[in-house]
Undergrad: 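Here it is, the structure, as structure tokens.
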There are 2 protein chains.
Amino acid sequence: MATLTEVAKRAGVSIATVSKVLSNTPYFTEETRQKVMQAVEELGYVPNLAARALSSGKTFIIAVVFPYVYDTISSDPLMQHILVGIETECSERGYNLLLSTPRLTAEGPDENYQRLIRSGYLEGIVALDNVPISSVLPITRQFNVPAVSIGYGEHDVYIRSDDYGGGHSVMEHIIALGHRYIGIVTVPCELHLSVQQRLQGMTDCAGNAGVEVTAQVDGDFSIRSGAKMMAHLLEAHPELTAVVCINDRMAFGAIQEAHRRGMRVPDDITVCGYDDIPLSALIAPPLTTVSQHAPELGQTATEMLFAMLDGKIPDPVLMPTELMVRQSSAPPASII
Amino acid sequence: MATLTEVAKRAGVSIATVSKVLSNTPYFTEETRQKVMQAVEELGYVPNLAARALSSGKTFIIAVVFPYVYDTISSDPLMQHILVGIETECSERGYNLLLSTPRLTAEGPDENYQRLIRSGYLEGIVALDNVPISSVLPITRQFNVPAVSIGYGEHDVYIRSDDYGGGHSVMEHIIALGHRYIGIVTVPCELHLSVQQRLQGMTDCAGNAGVEVTAQVDGDFSIRSGAKMMAHLLEAHPELTAVVCINDRMAFGAIQEAHRRGMRVPDDITVCGYDDIPLSALIAPPLTTVSQHAPELGQTATEMLFAMLDGKIPDPVLMPTELMVRQSSAPPASII
DNA sequence: AAACAATAGTTAAGCGTTTAACTATATTAA
DNA sequence: TTAATATAGTTAAACGCTTAACTATTGTTT
């Protein structure tokens with residue numbers, strides 16, 4: 001691979017001049033520029049990133065950190081969409097994207113990750129941070145790696161989906177439809193900070209409307225657990241007319257279980273989800289759910305990171321959610 | 001961040017000695033080792049990757065290249081699973097994973113990608129290569145970047161899922177059940193090399209059994225198109241008793257469309273898919289499909305790449321597929 | 001015409017490693 | 001006892017780039 005020295009030789013100038021031309025630092029003539037560019041062209045010169053990184057500190061790498069806890073990339077479709085947003089923004093700026101999925105335990109993230117942070121390879125980080133037991137972010141502060149948090153962990157620069165508002169809006173929708181016997185399928189709330197918010201929004205909304213949530217059970221995000229929890233709910237509380245799940249996958253399971261029992265959705269029971277993964281619009285019946293605008297979440301987080309790299313201190317962002325009313329929700333039969 | 005020089009100073013030795021100790025190059029005493037390690041410990045020294053990369057050429061970065069054509073990461077669940085396999089293998093070896101999603105046109109991959117390949121940043125590449133119009137691999141050959149192809153593009157080191165065998169096995173299953181009026185939902189075959197194989201397997205199998213495929217229509221991988229093509233098929237060929245889709249998402253759409261028309265699956269019509277994405281086992285009815293073992297595909301590809309980095313030349317691999325018989329397939333009603 | 005400023009380019013130091021070549025000491029063989 | 005060898009450590013060059021400090025040239029101002 002061609003180096004600066006070769007380009008300089010061919011163009012008949014010094015390597016400093018070549019470097020100046022390439023980085024557009026003032027003080028060279030158009031003629032020099034031409035000579036240099038021609039040499040670059042002819043040799044197919046591409047700067048060596050490692051050398052550039054060492055010399056200037058700019059690596060053009062940012063890392064996406066998706067901690068690996070119970071779930072993550074493999075199973076959560078949301079990650080993909082956040083990733084797409086981040087990728088879009090990075091590739092536009094010529095940055096490369098490093099994917100890090102540290103194993104997270106109560107003692108903190110794994111060795112590999114810690115070394116990576118301290119290796120000087122990363123210009124910045126976008127990290128998912130919603131796990132209460134432990135966080136990937138403290139170490140970034142310690143070693144001054146710019147980082148943006150997507151989530152409710154403690155960190156100064158963050159973007160959060162308005163989970164409280166989102167939870168509030170589904171519940172509001174359900175209560176407005178006339179439902180009074182409502183079940184919630186969630187996950188153990190010590191697992192996930194944003195789910196805590198979602199849940200709080202739901203129960204606050206119900207409380208304010210003078211409605212008491214009939215029952216609340218814990219699944220584990222999976223379709224299967226959604227079905228199982230739906231079964232529990234329906235057996236213990238046959239009076240239920242609506243069930244809200246804190247993610248779409250569990251809502252899929254819930255609908256399946258309802259169908260399995262010969263119930264019609266939404267005629268016999270309303271089911272709502274949360275996340276608005278693409279499949280949600282396409283199942284039968286199409287699912288009423290809350291969109292987090294995941295790609296925008298990733299994209300904005302990345303914009304914030306680039307702002308930090310420019311020396312700015314971006315304000316925290318609360319991304320509004322959007323209630324997607326589809327056909328899985330309807331007034332309770334008793335009203336019609 | 002601490003550098004070698006600081007460690008050397010603290011341990012009272014030269015930087016070369018520190019480097020030797022850390023890389024376990026012979027000729028130092030246990031005592032020296034202790035002194036060095038203690039200094040490393042106390043200063044929290046972590047080698048600067050950029051410097052190491054420049055000096056030794058080892059960057060500890062491998063890139064996963066998922067070209068962005070029509071579809072990709074955002075929508076294809078398979079990618080995720082391949083990615084998981086790659087990630088597992090990389091993190092085990094302390095390698096970092098760079099995610100590259102070049103825009104691919106007939107003129108080849110985009111500028112960013114080409115620069116990345118030539119930047120010296122990458123020790124190797126695992127690339128999805130199934131698009132006939134263009135490939136991300138020729139440039140890796142040109143610049144001697146070790147690369148493993150997952151797919152049917154022309155490349156010497158590759159791993160392929162046995163699409164032909166997989167296609168053959170679903171068709172065999174359907175014919176064995178007694179179906180004689182069979183429809184296929186595929187995609188325009190100039191889009192995807194592995195789909196061509198899948199299809200060939202299916203038609204060869206049917207041909208050998210003396211069964212003629214009744215109809216074949218083109219969707220676009222999406223659930224929606226699956227439903228639409230199912231509608232076409234059922235209207236044009238009411239005699240059909242089985243429909244095979246070349247991916248699971250279209251099969252979901254097909255099942256939905258069948259349900260929408262009041263048909264029962266598999267009682268009135270058999271529907272099979274391909275890919276075995278996790279959802280497939282959980283929909284109603286659970287889908288008969290073909291598993292590609294995507295994570296293993298990614299993992300083996302990565303093992304092959306590491307073998308190349310060790311100077312070996314791995315043999316091409318054909319990964320066997322597995323027919324997953326579930327409840328969406330049954331003998332045609334005429335037989336029962 | 002002298003003094004100064006702006007422009008164009010060069011030289012050389014430095015980024016933090018790895019590693020080949022070297023020196024110094026201890027050990028073994030003859 | 002000497003030479004050869006193995007061991008332990010050091011010195012310094014190299015990787016390819018950026019950039020501060022410098023020199024040389026040209027243009028402008030007084």
Side-chain angles (χ1 to χ4, degrees), chain A residues 1-37 39-40 43-61 94 115-123 143-144, chain B residues 1-37 39-40 43-61 94 96 115-116 118-123 143-144:
Chain A
M1 291 180 199
T3 70
L4 258 199
T5 314
E6 298 173 47
V7 174
K9 199 169 293 167
R10 186 172 198 114
V13 297
S14 73
I15 63 163
T17 301
V18 178
S19 183
K20 260 188 202 158
V21 169
L22 292 179
S23 63
N24 232 328
T25 306
Y27 306 145
F28 50 83
T29 56
E30 173 59 21
E31 193 197 335
T32 312
R33 206 189 64 80
Q34 297 247 339
K35 278 192 301 186
V36 169
M37 290 320 260
V40 164
L43 293 170
Y45 169 77
V46 167
N48 178 304
L49 286 185
R52 172 178 285 182
L54 180 57
S55 175
S56 71
K58 288 187 70 67
T59 62
F60 287 96
I61 295 185
R115 296 178 73 82
L116 181 62
I117 293 297
R118 300 164 64 174
S119 69
Y121 242 2
L122 307 179
E123 276 187 57
F143 293 94
N144 289 313
Chain B
M1 293 178 199
T3 69
L4 259 199
T5 315
E6 300 173 46
V7 174
K9 199 170 293 169
R10 187 176 197 110
V13 296
S14 74
I15 62 164
T17 301
V18 177
S19 183
K20 261 188 202 159
V21 169
L22 293 179
S23 62
N24 233 329
T25 306
Y27 304 146
F28 50 84
T29 56
E30 172 58 21
E31 193 196 336
T32 312
R33 205 189 65 79
Q34 298 248 340
K35 276 191 302 185
V36 169
M37 289 320 259
V40 164
L43 293 171
Y45 169 78
V46 167
N48 178 304
L49 286 185
R52 171 178 286 182
L54 179 58
S55 176
S56 71
K58 287 188 71 69
T59 62
F60 287 96
I61 295 184
N96 298 117
R115 296 177 73 82
L116 181 63
R118 300 165 64 176
S119 70
Y121 242 1
L122 307 179
E123 277 187 54
F143 294 94
N144 289 314

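Letters go in sequence order (proteins before strands), and every chain restarts at 1. Note that these values count all heavy atoms, side chains included, but never hydrogens, waters or copies made by symmetry.
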Undergrad: ring-ring contact (aromatic ring centres under 6.0 Å, His included) with A:Phe60: which residues, sequence neighbours excluded?
TA: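 For A:Phe60, the residues satisfying ring-ring contact (aromatic ring centres under 6.0 Å, His included) (neighbours in sequence not counted) are A:Tyr95.
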
Undergrad: Could you state the atom-to-atom distance from CG of B:Leu49 to P of C:dT18 in whole Å?
TA: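 Atom CG in B:Leu49 sits about 10 Å away from atom P in C:dT18.
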
Undergrad: So do the side chains of B:Val18 and B:Tyr45 get within less than 4.5 Å of each other, counting heavy atoms only?
TA: no

Undergrad: Testing the basics here: between B:Tyr121 and A:Ala53, what is the closest heavy-atom pair and its distance to 0.1 Å?
TA: OH-CB, 4.0 Å

Undergrad: What nucleic acid atoms does A:Ser14 come within less than 4.0 Å of, heavy atoms only: base, sugar-phosphate, or nothing?
TA: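 The answer is base, as A:Ser14 lies within the cut-off (heavy atoms under 4.0 Å) of a base atom.
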
Undergrad: Could you tell me how far apart B:Lys58 (NZ) and C:dT19 (P) are, to the nearest whole angstrom?
TA: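 Roughly 10 Å, once rounded to whole Å.
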
Undergrad: Between P on C:dT10 and NZ on A:Lys9, what's the gap in Å once rounded to a whole number?
TA: 14 Å

Undergrad: Step through the shown structure and confirm whether more than 12 heavy atoms of other residues, nucleotides or ligands are within 6.0 Å of CD on A:Glu30.
TA: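 Yes, CD of A:Glu30 has more than 12 neighbouring heavy atoms, counting only those of other groups under 6.0 Å.
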
Undergrad: Nearest 0.5 Å please: distance from the CG atom of A:Leu49 over to the CG atom of B:Leu54.
TA: 11.5 Å

Undergrad: Per the end-axis method with five pairs at each terminus, what is the bend angle of the helix from C:dA1-D:dT30 to C:dA30-D:dT1, to 10°?
TA: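 End axes: 40° apart.
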
Undergrad: Donor-acceptor check, side chain of A:Ser19 to backbone of A:Ala16, threshold 3.5 angstrom: yes or no?
TA: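 No.
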
Undergrad: Write down the distance between CD (A:Glu6) and P (D:dC15), rounded to a whole number of angstrom.
TA: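 A:Glu6 atom CD is separated from D:dC15 atom P by 11 Å.
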
Undergrad: Rounded to the nearest Å, what distance is computed from the CZ atom of residue A:Arg33 to the P atom of nucleotide C:dG9?
TA: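 Going from A:Arg33 (CZ) to C:dG9 (P), I get 12 Å.
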
Undergrad: Using OP1 and OP2 only, check whether a side-chain N or O of B:Tyr27 sits under 4.0 Å from D:dA8.
TA: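 Result: no.
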
Undergrad: Treat primed atoms plus P, OP1 and OP2 as sugar-phosphate and everything else as base, then score nucleotides 16-23 of chain D 5' to 3': B for base contact with protein heavy atoms under 4.0 Å, S for sugar-phosphate contact only, - for none.
TA: BBBB----

Undergrad: How many whole angstroms separate atom CZ of B:Phe28 from atom C1' of D:dA6?
TA: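 Between C1' of D:dA6 and CZ of B:Phe28: 16 Å.
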
